[in-house]
Amino acid sequence: MTFRVSDLTSDDLEALTGLIMDDGGYSMRVFGRPPKADAARDVLHARPPGLGQDSKTTIGLWDDHRLIGVADAVRGYPRPEVMYVGLLQVVPDSQGRGAGRTLHEALFDRAMSTPGITTFRLSIVATNADVAEGFWRRLGYEPTREAKEWVREDGVVTTAHVYELAV
Ligand SMILES: CC(C)(COP(=O)(O)OP(=O)(O)OC[C@H]1O[C@@H](n2cnc3c(N)ncnc32)[C@H](O)[C@@H]1OP(=O)(O)O)[C@@H](O)C(=O)NCCC(=O)NCCS
């Protein structure tokens with residue numbers, strides 16, 4: 001199967017919303033509630049205060065005309081040399097075929113096209129670790145000593161662990 005990667009824009013809002021709604025329980029595990037119908041706008045535009053839209057990268061993975069995966073990242077957070085990965089999600093019926101790795105490689109290529117990025121960084125919420133940790137470790141990420149309390153919207157208190165990859 002040949003995948004195609006593209007930068008996502010507001011033109012892809014409908015396809016992105018469909019993908020986010022088909023999350024295999026990701027939102028429940030991380031936020032303690034189902035995915036929100038307007039979450040796609042955040043995936044396209046949300047970023048930390050002080051960083052411009054040009055710091056944000058959102059890429060999609062297409063299988064023929066179907067959007068099957070998304071990844072977003074912010075360049076320069078929390079330090080100038082860091083690329084912070086937000087969401088990386090593949091629809092359940094396309095998992096295990098290399099889609100997640102392909103999305104990460106595409107993020108990597110974009111980060112390397114701007115000088116100065118030395119580190120990829122992300123957080124793994126403990127209630128999603130059974131799904132996510134093995135994947136990120138397989139891609140080379142290692143846990144840092146940083147962790148913070150994570151309170152889900154259903155009140156469950158858990159932990160977000162920070163992982164990094166030196167590039
Ligand atoms: C995590 C996720 C993105 C992985 O996507 P995927 O398309 O199934 O992953 P890939 O097929 O590209 O796997 C890449 C590698 O990771 C390995 N891998 C994937 N999940 C793994 C796991 N849970 N444990 C161990 N290894 C894992 C694969 O075996 C593969 O190894 P290889 O390339 O050396 O053969 C997908 O499960 C998903 O969308 N989950 C829900 C959202 C989520 O939790 N995202 C992460 C937090 S933001």
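Order of listing sets the numbers, starting from 1, for every ligand and every atom in it.
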Looking only at N/O atoms, are [X] and ligand 1 under 3.5 Å apart anywhere?
X: V90; value: yes
X: L87; value: no
X: G100; value: yes
X: Q89; value: no
X: V131; value: yes
X: D23; value: no

Query raised in the report: Relative to each other, are the rings of W150 and F31 parallel, tilted or perpendicular (30° and 60° limits)?
Result: tilted
Requested in this report: Any atoms of ligand 1 less than 4.0 Å from a non-hydrogen atom of G96? List them with their elements.
Outcome: 6 (P), 7 (O), 8 (O), 11 (O)
Report summary line: Short version for R97: what comes under 4.0 Å of ligand 1, heavy atoms counted, is backbone
Requested in this report: Report the part of R138 in contact with ligand 1, treating N, CA, C, O as backbone and CB onward as side chain, heavy atoms under 4.0 Å; options are side chain, backbone, both, neither.
Outcome: side chain
Query raised in the report: What do you think, any protein heavy atom under 4.0 angstrom from atom 35 (O) of ligand 1?
Result: no
**Report entry** Protein non-hydrogen atom found under 4.0 Å from atom 28 (C) of ligand 1
**Finding:** no
